[in-house]
There are 2 protein chains.
Amino acid sequence: MTDEIISFITRYVPLTEEEIAIIHEQNLIRSYRKDAVLLSEGEYAKECFFILQGCVRSYYLIDGEEKTTDFYTESQAITPISYTKKEPSKYFLSCLENSIIALGSTERNNQLLEKIPKLRSMVAQLNSELLIQKQVSFDDFKSLSPEQRYLSLLETRPDLFNRVPLYHIATFLGITPVSLSRMRKRVSTKVK
Amino acid sequence: MTDEIISFITRYVPLTEEEIAIIHEQNLIRSYRKDAVLLSEGEYAKECFFILQGCVRSYYLIDGEEKTTDFYTESQAITPISYTKKEPSKYFLSCLENSIIALGSTERNNQLLEKIPKLRSMVAQLNSELLIQKQVSFDDFKSLSPEQRYLSLLETRPDLFNRVPLYHIATFLGITPVSLSRMRKRVSTKVK
DNA sequence: AATGCTTTTTATCTTAAGATAATTTTTGCC
DNA sequence: GGCAAAAATTATCTTAAGATAAAAAGCATT
């Protein structure tokens, strides 16, 4: 049932049967309804998340407008900044779909790291990978025009367009929903 | 002489005298002239860098245009993606000023990590911190207008404006130099 | 002081994004 | 099938950025 977590981890470090059992024991799995809020602005994140099924969105609320910064889907881990830094969150996390999510509290995660120390190496590798990914996407974002960013997202994450409303994709691309709509029209007439 | 490196490290892990001596031994320090290139597109990075004195810029060359993605100054470490991933670099690193830089090759760094294993913890902490920083700047970048980004940079890194040509700052802000110049004029007349 | 090079600004024109409001389309639901 | 809410599009007007070219200002060096 939580094989996704095991295969996620074993991309970084090998696990024995025993260790797999320990991880299964520790698993806390929850279901959330669409629009359920996993973390609010101002709140201290007590947990990090691993998405087994569904889709989660992170966003800032600025002058009453939601600015989406990320979409997380199956087999992605979410470690809120607030979880790491022990400070109030500046952004929200909420479910775009009914979702099944594994939770790790600080205590539970620390226990796991005590019992299976090599998980520290996994975390280190993962962070290093995420840092590189983030840097690459940021660099791309800066050097591409909104239209190029849209076209690029169409290629790299086509799945999103089937499960996420366009107005969230718009703010994720750093533009307004109205502008995205206009752009899509422009692009489609270009192609023809 | 390389106390900066020691105090950089001890922000993350304590060091004994012995360990400090080991680090000093391993240090390879070089001087570079303004415009010296530390890493070229297409090249495999053999080293990572720690800036003791001076300023380094990272940039992509796109359609003959340089797009600056970062400025590194005193006491900042640079670990090229190419160094970590062992693949050709997509960007350049070059000196904006005459600079004094400590170099760490893969071999030398691995030796250090063998001799002082707790440095792994430092690297892990540093990466986690850098990931958070990168995420925050990316989120800001997306939600701010070019003008707001300019004003924010003026506050967060005023030093840059004294040592870096505006046309590099412009591409760093994701706009053209002409546009930055126009914007500065607009902003200055607003204030009056 | 004169020259050449780098950096910044100005000007003009074009294009696309922001703001706002209204309308249309789609979707879910009783 | 009809209704309400959510999502997407359209229209209009304003504002700022991109492209390009040219001029001006700042520097360094001889």
Side-chain angles (χ1 to χ4, degrees), chain A residues 33-37 55 57 59-60 62-68 71 94-98 140-154 160-192, chain B residues 33-37 55 57 59-60 62-68 71 94-98 140-154 160-192:
Chain A
R33 285 292 176 77
K34 184 179 174 189
D35 293 329
V37 173
C55 183
R57 174 174 76 98
Y59 60 97
Y60 292 76
I62 300 177
D63 302 329
E65 307 258 292
E66 296 184 354
K67 304 279 185 176
T68 297
F71 299 106
S94 83
C95 298
L96 284 172
E97 305 170 355
N98 295 336
D140 278 353
F141 192 92
K142 265 191 202 171
S143 54
L144 301 180
S145 68
E147 186 173 318
Q148 289 171 317
R149 292 193 305 252
Y150 165 70
L151 294 172
S152 152
L153 189 67
L154 266 182
L160 285 184
F161 292 83
N162 298 321
R163 59 201 298 190
V164 171
L166 286 173
Y167 63 97
H168 286 144
I169 291 180
T171 66
F172 176 68
L173 290 171
I175 59 178
T176 61
V178 176
S179 178
L180 177 57
S181 173
R182 210 163 28 193
M183 195 170 80
R184 280 159 56 81
K185 190 179 187 184
R186 203 170 61 224
V187 167
S188 75
T189 57
K190 255 187 208 168
V191 177
K192 278 169 194 167
Chain B
R33 286 291 177 78
K34 184 180 173 186
D35 294 328
V37 173
C55 184
R57 176 174 74 100
Y59 60 96
Y60 291 75
I62 300 176
D63 302 328
E65 308 257 291
E66 295 183 357
K67 304 279 186 179
T68 297
F71 299 107
S94 83
C95 299
L96 284 171
E97 304 169 356
N98 294 336
D140 278 353
F141 192 93
K142 265 190 201 172
S143 53
L144 300 180
S145 68
E147 187 174 317
Q148 291 171 317
R149 290 190 312 247
Y150 165 70
L151 294 172
S152 151
L153 190 67
L154 267 181
L160 285 183
F161 292 83
N162 298 321
R163 58 200 300 191
V164 172
L166 286 172
Y167 63 95
H168 286 145
I169 291 180
T171 64
F172 176 67
L173 290 171
I175 58 177
T176 62
V178 176
S179 177
L180 177 58
S181 173
R182 210 166 25 194
M183 194 169 79
R184 281 159 57 81
K185 189 179 189 184
R186 203 170 60 222
V187 167
S188 74
T189 57
K190 257 187 209 169
V191 177
K192 279 170 192 165

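Residue numbers start from 1 in every chain, and the chains themselves are labelled A, B, ... in the order their sequence lines are given, proteins ahead of strands.
B:V178 is linked by a side-chain contact (heavy atoms from CB on, under 4.5 Å) to B:T176, counting only residues two or more places apart in sequence or in another chain. For the ring pair (Phe, Tyr, Trp, His ring centres under 6.0 Å) test, no residue two or more places apart in sequence or in another chain qualifies with A:Y167. Here A:R182 pairs with A:S179 under the side-chain contact (heavy atoms from CB on, under 4.5 Å) rule; sequence neighbours left out. Take B:Q148 and apply the side-chain contact (heavy atoms from CB on, under 4.5 Å) test, not counting sequence neighbours, and it matches B:L144, B:S145. Listed by chain and number, the residues in a side chain to side chain donor-acceptor pair (under 3.5 Å) with A:R184 are A:Y150 (sequence neighbours excluded). Under the rule for a salt bridge (charged side-chain N to carboxylate O under 4.0 Å, His left out), the partners of B:R57 that lie at least two apart in sequence or sit in another chain are B:E66. With sequence neighbours excluded, the residues that form a ring pair (Phe, Tyr, Trp, His ring centres under 6.0 Å) with A:Y59 are A:F92. For the side chain to side chain donor-acceptor pair (under 3.5 Å) test, no residue two or more places apart in sequence or in another chain qualifies with A:S143.
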### Query
Can you check side-chain contact (heavy atoms from CB on, under 4.5 Å) on B:V164 and B:F172, steps first, answer last?
CA-CA 11 Å; B:V164 172; B:F172 176 67; over 6 Å; no
When you compare the protein's N or O atoms with those of nucleotides 6-8 of chain D, which come within less than 3.5 Å of each other, and at what distance?
from	atom 1	to	atom 2	distance (Å)
D:dA7	OP1	A:Y167	OH	3.3
D:dA7	OP2	A:Y167	OH	2.1
D:dA8	OP1	A:L166	N	3.1
D:dA8	OP2	A:L166	N	2.8
D:dA8	OP2	A:Y167	N	3.2

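Residue pairs meeting the salt bridge (charged side-chain N to carboxylate O under 4.0 Å, His left out) criterion with at least one partner in residues 161-179 of chain B, sequence neighbours excluded, are B:E74-B:R163, B:E97-B:R163.
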### Task
Mark up nucleotides 17-27 of chain D, 5' to 3', with B wherever a protein heavy atom is under 4.0 angstrom from a base atom, S wherever such an atom reaches only the sugar-phosphate, and - elsewhere.
BBBB-------
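Note on B:K185: every side-chain N or O is 4.0 Å or more away from OP1 and OP2 of C:dT9.
Atom CG in B:L96 sits roughly 15 Å away from atom P in C:dT6 (whole-Å rounding). Residue B:R149 contributes atom CZ, which lies 12 Å from atom C1' of D:dA16 at whole-angstrom precision.
Helix-axis bend for the helix from C:dA1-D:dT30 to C:dC30-D:dG1: the local axis fitted to the five terminal pairs at one end deviates from that at the other end by 40°, rounded to 10°.
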